[in-house]
Amino acid sequence: MPAKIIDGTAVARAMRADLEPQIAELKERGVTPGLTVVLVGQHPASQVYVRMKGKACEEAGLRSDTIRLAETTPESELLALIDRLNADPCVHGILVQLPLPRQISTHRVLHRILPGKDVDGFHPENVGKVAAGDPTGFRPATPYGVQQLLVRSGVETRGAHAVIVGRSNIVGRPMASLLLQDGPGGNATVTVCHSRTRDLPSVTRLADILVAAMGKPRFVTADMIRPGAVVIDVGVNRVDDPRKKKGYRLVGDVDFEPALGVASAITPVPGGVGPMTITMLLYNTVQAARQ
Ligand code: NDP
C-alpha cells in the first residue's frame, strides 16, 4: 500500500483556525500581536519568505511590519534598529531574516534581540530553554512545525526511534530537543546524523520516524528507509526543470516517488513542512504577546 501523504497545508490551516480565539481574546484586551520582520539586502528566496510571513500575519489578524534595509547596511545600524524594536511595546516578535550580508555578524544580531521577542527561537536563552524543556522558550518554527505535524497526524513519537539527518541550529538540533522532551510529540529515542556520520543508510534504516533536513535534493533514497517508517522531508531544493515557467521546481531531500512504496506516511515537498513553519511563527508571535 502506498504511503499516506501527510498534508501539511491542511494541518496548518486547522492550526491557524485554532489560533483565532487566542488572537481574538488578546484583541479584546487591547493587544494586537505584532511581528516585525527585518530584511537586509535582496536575497531572492528571503524576499519570498518575508512576503509569505507578512501575508500569513495579515490573514490571521496580526499586525505585521517589514523593514527593508540596503545590502550595504552596517552592522551598527541593524543593531540600533533592533534596540529600538526591543523597546517598542507594540512589537511582540522580531525576526531578522537570514542569511545576512557578510559585513554583519549573524551571531551578534541574534544575540541582540530580546529573548522575549525572539520568535525565531535562535537566541541562546531560548535555545537553552527549549533544550531544557521549558515551555516559555520559543521553539524554532520549522522543528516545532514538524512536531505538531506528527502530533496532529496521529504519529506516536513516544518510544519511537527518530533519526534526524542534519544538525543545523535551525532544524536538526532543535528537532532533537523537541523529540526528546517529556510530553506529546516527544519521548522519542533520538539519533542525529550529519555529514561525518559513518554508513548513513545503516542508521536511517533504523528509524521509525525519519526527518530529512540536509538540503540535498532527493538524497534519501527508498533503500535508506525502513519499511513502514514515517518520513518527514524538511528539505527545500530548487532543481532545473525546463517544463516549468520559472525553469525550476522544488524537491525535498527525499526521493519522493520511490519512498512512497516503502514508508507508511510521508510529507510532500511542497505542501508538507513548509506551511507548518509559517504557522508556528504565528503561534510564537501570539505566545510572545501573551507572555
Ligand atoms: P544546513 O545546510 O544548515 O544543514 C544541513 C545539515 O545536513 C548539516 O548538519 C550537514 O552536516 C547535514 N548534511 C549535509 N550533507 C549530508 C550528507 N551527505 N550526509 C549526512 N548529513 C549531511 O541546512 P538547514 O538545516 O538550514 O536546512 C536543511 C534543509 O531544510 C534545506 O533544504 C532547507 O532549505 C530546508 N529548510 C526548510 C524549511 C521549511 O520551512 N520547509 C525551513 C528551514 C530549512 P554537517 O553539519 O556535518 O555539515
Side-chain angles (χ1 to χ4, degrees), residues 5-9 11-12 15-16 37 43-56 95-100 106-107 110 119-122 127 130 138-150 162-179 190-207 210-221 223-225 231-239 248-256 266-284:
I5 309 269
I6 299 176
D7 184 349
T9 308
V11 176
M15 287 199 70
R16 288 185 200 190
V37 178
H43 195 274
S46 293
Q47 303 214 41
V48 175
Y49 293 143
V50 164
R51 264 201 307 275
M52 285 163 70
K53 287 166 187 173
K55 190 165 162 263
L95 186 156
V96 177
Q97 185 65 42
L98 303 178
L100 288 167
T106 303
H107 183 80
L110 296 181
V119 287
D120 248 346
F122 297 155
V127 175
V130 169
F138 292 107
R139 288 157 274 196
T142 300
Y144 188 12
V146 170
Q147 188 184 43
Q148 291 304 313
L149 207 47
L150 291 169
V163 175
I164 302 162
V165 190
R167 58 173 164 180
S168 74
N169 290 333
I170 295 173
V171 188
R173 282 171 207 250
M175 186 77 256
S177 291
L178 294 181
L179 288 168
V190 180
T191 301
V192 183
C193 303
H194 46 80
S195 66
R196 263 42 75 80
T197 297
R198 202 187 314 131
D199 191 7
L200 183 67
S202 72
V203 184
T204 57
R205 275 196 293 268
L206 298 174
L210 179 60
V211 181
M214 52 207 306
K216 295 265 182 293
R218 293 189 293 241
F219 187 94
V220 176
T221 46
D223 60 311
M224 293 169 73
I225 300 168
V231 178
I232 305 292
D233 191 352
V234 180
V236 180
N237 310 286
R238 282 183 185 190
V239 294
Y248 68 85
R249 71 193 154 94
L250 298 180
V251 300
D253 288 349
V254 178
D255 197 6
F256 184 75
I266 186 167
T267 59
V269 177
V273 174
M276 292 300 292
T277 295
I278 294 190
T279 300
M280 302 332 291
L281 178 64
L282 300 179
Y283 269 72
N284 280 350

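Numbers for residues simply follow the sequence, beginning at 1. Whatever order the structure lists ligands and atoms in, that order sets their numbers, starting from 1. FYI, side chains are in, hydrogens and waters are out, and symmetry mates aren't considered; it's all heavy atoms of this structure.
- Those atoms of ligand 1 with a heavy atom of F219 less than 4.0 angstrom away are 18 (N).
- Ligand 1 lies less than 4.0 angstrom from a heavy atom belonging to V234.
- Nearest protein heavy-atom contact of atom 25 (O) of ligand 1 is S168 OG, 2.5 Å.
- Side-chain atoms of Q147 come within 3.5 Å of backbone atoms of L178 as a donor-acceptor pair (strictly under, hydrogens ignored).
- S168 places a side-chain N or O within 3.5 Å of a backbone atom of V171 that can act as its donor or acceptor partner.
- If you number the atoms of ligand 1 from 1 as listed, the ones under 4.0 Å from a heavy atom of N237 come out as 32 (O).
- Distances shorter than 4.0 angstrom do not occur between any heavy atom of G172 and any atom of ligand 1.
- Without hydrogens or angle criteria, D255 side chain to V220 main chain gives no donor-acceptor distance under 3.5 Å.
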Might you work through the side chain to side chain contact (heavy atoms under 4.5 Å, CB included) test for L98 and L100, ending with a clear yes or no?
CA-CA 5 Å; L98 303 178; L100 288 167; 4.0 Å; yes

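- Residue G166 has at least one heavy-atom neighbour below 4.0 Å for each of these atoms of ligand 1: 6 (C), 7 (O), 9 (O), 12 (C).
- Taking the side chain as every heavy atom from C-beta outward, T277 and V273 approach each other to under 4.5 Å.
- Between the side chain of D120 and the backbone N or O of F122 there is no donor-acceptor pair closer than 3.5 Å.
- Numbered from 1 in the order shown, with element, the atoms of ligand 1 that lie under 4.0 Å from a heavy atom of R196 read 47 (O).
- The distance from ligand 1 to the heavy atoms of G215 drops below 4.0 Å at these ligand atoms: 28 (C), 29 (C), 31 (C), 32 (O).
- Not one N or O of D253 is nearer than 3.5 Å to an N or O of ligand 1, by distance alone.
- Side-chain contact between I278 and R16 is present, with heavy atoms from C-beta onward closer than 4.5 Å.
- Given atom 7 (O) of ligand 1, the protein heavy atom at minimum distance is M214 CA, 3.3 Å.
- Residue T277 approaches ligand 1 through these ligand atoms, each under 4.0 Å from one of its heavy atoms: 39 (C), 40 (O).
- Ranking the protein heavy atoms by distance from atom 11 (O) of ligand 1 puts S195 N, 3.2 Å first.
- Which parts of ligand 1 touch A213 is read off a 4.0 Å heavy-atom cut-off, strictly below it: atoms 5 (C), 6 (C), 7 (O), 28 (C).
- Side-chain atoms of R205 never come within 3.5 Å of backbone atoms of M224 as a donor-acceptor pair (strictly under, hydrogens ignored).
- For C193, the closest heavy-atom approach to ligand 1 does not fall below 4.0 Å.
- Near V236, the atoms of ligand 1 lying under 4.0 angstrom from a non-hydrogen atom of the residue are 32 (O), 34 (O), 35 (C), 37 (C), 41 (N).
- D253 contributes no side-chain N or O that, together with a main-chain N or O of D233, makes up a donor-acceptor pair within less than 3.5 Å.
- Contacts of K216 with ligand 1, taken as heavy-atom pairs under 4.0 Å, involve the side chain alone.
- Among protein heavy atoms, atom 44 (C) of ligand 1 sits closest to V171 CG2, 4.0 Å.
- Nearest non-hydrogen protein atom to atom 20 (C) of ligand 1 is H194 O, 3.1 Å.
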Yes or no on side chain to side chain contact (heavy atoms under 4.5 Å, CB included) for N237 and L250, after CA distance, side-chain angles and deciding distance?
CA-CA 5 Å; N237 310 286; L250 298 180; over 6 Å; no

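- When atom types are taken as modelled, the side chain of Y283 and the backbone of M15 share a donor-acceptor pair closer than 3.5 angstrom.
- Nearest protein heavy-atom contact of atom 42 (C) of ligand 1 is T142 OG1, 3.2 Å.
- The protein atom (non-hydrogen) at minimum distance from atom 9 (O) of ligand 1 is R167 N, 2.8 Å.
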